[in-house]
Each structure stands twice: as structure tokens, then as C-alpha cells.
Amino acid sequence: EHPCDDGFLKESPSLPPVIGSYRVGDFSRYHDRDFIRNAYLGILKREPDAPSFAAYLEQKVSYDFFSMILGATRGYPAIAVSDGGSVIGYGFLRAYNPMPVFRHTAEITCFLHPDAAGKGVGSETHRHLEKEAAGMDITVIMAGISSLNEGSVRFHAKRGFTECGRFLKVGRKFNTDFDVVWMQKRI
């Protein structure tokens with residue numbers, strides 16, 4: 001049995017269906033390093049993000065890396081999306097900056113299995129996280145995106161995000177330098 005099958009994701013009655021047969025569950029209940037690692041493996045079907053720039057992983061990382069990601073989501077909405085058979089995506093918010101003056105700003109992360117792309121799952125995941133964020137008095141959501149992930153830049157623009165900055169050549173993956181495009185949305 002795959003660790004990301006529907007049994008791993010318990011449906012939460014407080015969270016509505018995402019779309020159609022897709023369901024969401026609160027993955028903050030799974031604050032152990034296996035959950036996010038298994039979700040990543042289940043969604044992307046690989047450990048490193050070969051040869052794509054959809055995520056920043058270039059090689060296998062330690063469990064501590066996944067523990068760090070889970071720790072960053074504490075106190076923020078974090079969901080996993082199921083198609084009734086397996087986890088097909090996840091998304092979460094985390095602090096943009098831990099300083100109290102930035103408490104109204106969060107950073108969003110969302111990953112989908114490639115087969116779920118273009119079916120509205122990403123948009124509904126964003127919509128759900130935005131609604132939860134508004135209930136926490138978050139007014140701005142930031143997204144840091146690889147400049148080589150043009151699909152994600154377009155996706156965020158369609159969702160109302162605007163480019164607000166660019167960090168030049170700060171990332172290097174597979175010996176290719178890339179910028180981080182910062183986009184923001186007021187909610």
C-alpha cells in the first residue's frame with residue numbers, strides 16, 4: 001500500500017470539497033517528517049525535481065529538510081488534496097517573515113501531481129488557502145517562483161498575483177542559474 005493512498009489522508013469535516021470528487025484534508029495533523037516526504041514522493045513520483053524547475057529540489061534531501069518545512073506551516077493553513085484514491089496535491093501557507101510587523105503577510109506553496117494540472121485543482125487549492133488566510137487577518141500572500149517555471153508565473157498571474165520583485169541569479173539547479181520571481185496578491 002502506497003503511503004499516500006486515501007487512507008493516509010483522512011477527510012476533515014471542517015474542510016469543504018475542493019472540486020468535484022476532490023477532497024481536502026488538513027495535513028497539519030500529520031506533523032511528522034514522513035508525511036510531507038511521502039506526499040512529495042506521491043505527488044511528484046520522485047525525490048529530486050528532475051529536470052524541471054517546478055520545485056527547488058535537485059537531489060535527495062534529509063528528513064530534517066521535511067521537518068523544517070512542516071515546522072514552517074505550524075499555525076497556518078495546510079491542506080492535502082485527494083482524488084479519492086491518492087494524494088494529488090498539497091498546499092500551505094507559512095510566515096513570509098517571522099518579524100511581527102509582517103504578521104499580515106504569508107507565503108504560499110502549492111504542488112500538484114502533473115496529471116492534476118489544468119483541471120482547476122491548483123486554483124481551488126489557492127482559493128481555499130486564501131479564504132483561510134483571510135480568516136487569520138492575512139491581507140497579502142507572496143509567492144516565490146523560479147523564473148524558469150513560466151507555467152507557475154502564468155498560473156499565479158491568472159489568480160491575481162502581480163510581479164513585485166525579482167532576485168537575480170540567486171538559485172542554481174543542474175548548473176543553471178535562475179532568478180526568483182516574487183509575486184503578491186492582496187486578499
(request) Write down the atom of Thr125, the atom of Cys110, and the distance for their closest heavy-atom approach. (result) CG2-SG, 3.8 Å
(message) Under the rule for side chain to side chain contact (heavy atoms under 4.5 Å, CB included), what residues qualify as partners of Ala95, not counting sequence neighbours?
(response) Tyr76
(request) Mind checking the CD1-OG1 spacing from Ile79 to Thr73? Nearest 0.5 Å is all I need. (result) 12.0 Å
(request) Could you pull out the closest heavy-atom pair between Leu112 and Gly122, with the gap in Å? (result) CD1-N, 3.5 Å
(message) According to side-chain hydrogen bond (donor to acceptor under 3.5 Å, both in side chains), who are the partners of Thr109, at least two apart in sequence or on a separate chain?
(response) Arg94
(request) Only counting residues at least two apart or in another chain, list the ones meeting side-chain hydrogen bond (donor to acceptor under 3.5 Å, both in side chains) with Gln184. (result) none
(message) Tell me whether Asp179 contacts the main-chain N or O of Lys169 through its side chain, where contact means a donor paired with an acceptor under 3.5 Å.
(response) yes
(message) Do Lys185 and Val140 have side chains that approach each other closer than 4.5 Å (heavy atoms only, starting at C-beta)?
(response) no
(request) Can you see which heavy atom on Val153 is nearest to which on Ser146, and at what distance? (result) CG2-O, 4.3 Å
(request) Just grab all the salt bridge (Lys or Arg N to Asp or Glu O under 4.0 Å) pairs involving residues 139-164, residues at least two apart or on different chains. (result) Glu130-Arg159, Glu163-Arg166
(request) Taking all non-hydrogen atoms of both residues into account, name the closest pair between Ala78 and Leu129 and its distance. (result) N-CD2, 4.5 Å
(request) Evaluate the side-chain proximity of Asp137 to His104: yes if any heavy-atom separation is below 4.5 Å, no if none is. (result) yes
(request) Measure up the Tyr96 and Trp182 rings against each other and bin them: parallel (under 30°), tilted (30 to 60°), perpendicular (over 60°). (result) perpendicular
(message) Test of understanding: with side-chain hydrogen bond (donor to acceptor under 3.5 Å, both in side chains), list the residues that count as partners of Asn97, not counting sequence neighbours.
(response) none
(message) Quick check: is Phe111 connected to Phe155 through a chain of hydrophobic side chains (ILVMFWY, heavy atoms under 4.5 Å apart)?
(response) no
(request) Might you point out which heavy atoms bring Met136 and Pro77 nearest each other, and give the distance in Å? (result) SD-CD, 3.4 Å
(request) Looking only at non-hydrogen atoms, find the nearest pair between Ala133 and Ile187 and report the distance. (result) CB-CD1, 3.8 Å
(message) According to ring-ring contact (aromatic ring centres under 6.0 Å, His included), who are the partners of Phe161, at least two apart in sequence or on a separate chain?
(response) His126, His156
(message) With a 4.5 Å cut-off on side-chain heavy atoms, are Cys164 and Met142 touching?
(response) yes
